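Take a look at the structure set out below.
What you see below is based on every heavy atom in this structure, not just the backbone, and it leaves out hydrogens, waters and symmetry mates. First the proteins, then the strands, lettered A, B, ... as listed; each starts at 1. For clarity, every value in this text was computed on a predicted model and none was experimentally measured.
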Amino acid sequence: MKIGYPCINLSLDCRSSRTFRLKNYSEKRLKEIIKSNLDCLLNILKYNKENRIHFFRITSDLIPFASHSIMNFYWQKYFKSDFWQIGQFIKKNKMRITMHPGQYTVLNSINQKVYKNSLLDLAYHVEVLDLMELDSKAKIQIHVGGVYQNKQESINRFIKRYNSLDDNIKRRLIIENDEKSYNLNDCLQIHKKTEIPIVLDVYHHECFNSGESLSEAFKLFFKTWYDEDGIPIVHYSSQKVGGKKGNHANEIDLNHFEQFIKNTLDFNFDLMLEIKDKEKSVLKAMKLIKNDPRFNSD
DNA sequence: TCACGTCAAGCAGAT
DNA sequence: ATCTGCTTGACGTGA
């Protein structure tokens, strides 16, 4: 079991997600920002190594406007050695990496332009991981997408479009159950027709399910992962204290977390903490389970 | 230096 | 109709 966090490290004063306004676009600006983002990413990974954090989600903003039509700069070649160096560091330290395209990537959209842009954005995410020479255990997670007043048709459209993707995209793509449109049961239906692995978000599952208990949900989603996909991934968060349903907590609730860990003792998985204070909660969680035999066993 | 409106992009649900 | 949340505040103009 590895425990990780997404995109931003609050203990460091750099961001790997710097961007700028489209109207201020220039190649010079772009190069500077990308370089700064890549340098910061390596700094975050070094911080993670020192703190024994071996799971991390790389921000989609690493390369600003990567899948936008304005982009005519061959960043893949220009920064090839930077990507390679980061990839070597990741592999040498046995780190697990994921990425998560934004809300604008909707594979099952009924709008052709949105669909087309989604394909470009997926290709960009794949390129980042490929340039780092990471294997198929490095994953790109998306949600199923929109419902468009007809869930079954929208599921079928997802299946059809997923199956038409290139293998270099499919080998990395995984879907996550969400809290309002597509739950675990829906994802399992898609898995049957596509073999796509499912990330279980336990908080989303709590908000929206088909009656499966947590351990039932674990048994079901574990079967969707194959050897080449690596250890199954779980997302964890809890509800913000006093916040609305769906809001992510600002800091980890260690009592809730301990209960979750006790309820999942039969499973070994990598755990992404989606909590606002990022690495701070990871360090607390790691301290709590440092004697758990699953922890860093791989 | 700082406040705050805006930022490439979609969708659903709440208000 | 407008706002909020999502992976996430950062950018940058104008005072």
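- Remark: the separation of the P atoms in C:dC6 and B:dC2 is 29 Å, to the nearest Å.
- Distance alone, capped at 3.5 Å, places no donor-acceptor pair between the A:Arg294 side chain and the A:Met1 backbone.
- Taking atom CG of residue A:Asn111 and atom C1' of nucleotide B:dC11, one finds them 12 Å apart after rounding to whole Å.
- Taking the P atom of each, B:dA8 and C:dT13 are spaced 12 Å apart, rounded to whole Å.
- Within the nucleic acid shown, A:Thr59 has no heavy atom closer than 4.0 Å to any nucleic acid atom.
- Heavy atoms from other residues, nucleotides or ligands lying under 6.0 Å from NZ of A:Lys151 number more than 12.
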Item checked: side-chain hydrogen bond (donor to acceptor under 3.5 Å, both in side chains) between A:Ser67 and A:Asp121, worked out -> CA-CA 5 Å; A:Ser67 62; A:Asp121 209 44; 2.8 Å; yes
Pick out the pairs of N or O atoms, protein on one side and nucleotides 12-15 of chain C on the other, that lie under 3.5 Å.
unit_1, atom_1, unit_2, atom_2, d
C:dG12, OP1, A:Arg21, N, 3.2
C:dG12, OP1, A:Asn24, ND2, 2.6
C:dG12, OP2, A:Arg29, NH2, 2.4

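- Distance alone, capped at 3.5 Å, places no donor-acceptor pair between the A:Asn263 side chain and the A:Phe260 backbone.
- With hydrogens and angles ignored, the 3.5 Å screen pairs no side-chain donor or acceptor of A:Asn108 with any backbone N or O of A:Arg157.
- For A:Tyr104, no side-chain nitrogen or oxygen approaches OP1 or OP2 of B:dC11 to under 4.0 Å.
- Residue A:Leu265 is found outside any hydrophobic cluster, as its side-chain heavy atoms come under 4.5 Å of no other Ile, Leu, Val, Met, Phe, Trp or Tyr.
- Applying the salt bridge (charged side-chain N to carboxylate O under 4.0 Å, His left out) rule to A:Glu153 yields no partners; only residues at least two apart in sequence or on another chain are considered.
- With A:Lys278 contributing its side chain and A:Pro6 its backbone, the two residues share a donor-acceptor pair below 3.5 Å.
- Near DNA chain C, meaning a heavy atom under 4.0 Å from it, residues 112-144 of chain A has A:His143 in order of number.
- If you check distances only, the side chain of A:Glu274 never reaches the base of C:dT8 with a donor-acceptor pair under 3.5 Å.
- Salt-bridge annotation for A:Lys46 and A:Glu50: absent, with no side-chain N of the basic residue lying under 4.0 Å from a carboxylate O of the acidic one.
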Item checked: Structure string for DNA chain C in dot-bracket form, Watson-Crick and G-U at under 3.5 Å, | interchain -> ||||||..|||||||
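- Comparing the same atom, C1', in C:dG5 and in B:dA3 gives a spacing of 24 Å after rounding to whole Å.
- Distances from the side chain of A:Ile8 to the nucleotides C:dG5, B:dA9, C:dG9 place C:dG9 closest.
- Among the atoms of the strands shown, base atoms are found under 4.0 Å from some heavy atom of A:Phe65.
- Phosphate contact (OP1/OP2 of C:dA10, side-chain N/O of A:Arg15, threshold under 4.0 Å): present.
- Side-chain contact check for A:Val202 versus A:Thr264: every heavy-atom pair is 4.5 Å or farther apart.
- Close to C:dT8, at under 4.0 Å from its OP1 or OP2, lies a side-chain N or O of A:Lys278.
- Evaluation of the ring pair (Phe, Tyr, Trp, His ring centres under 6.0 Å) rule for A:Phe267 yields A:Phe218, A:Phe222 as partners, not counting sequence neighbours.
- No side-chain donor-acceptor contact under 3.5 Å links A:Asn48 to the backbone of A:His54.
- Separating the C1' atom of C:dG9 from that of B:dA12 is a span of 22 Å, rounded to the nearest Å.
- Comparing the C1' positions of C:dT8 and B:dC7 gives an interatomic distance of 13 Å, to the nearest angstrom.
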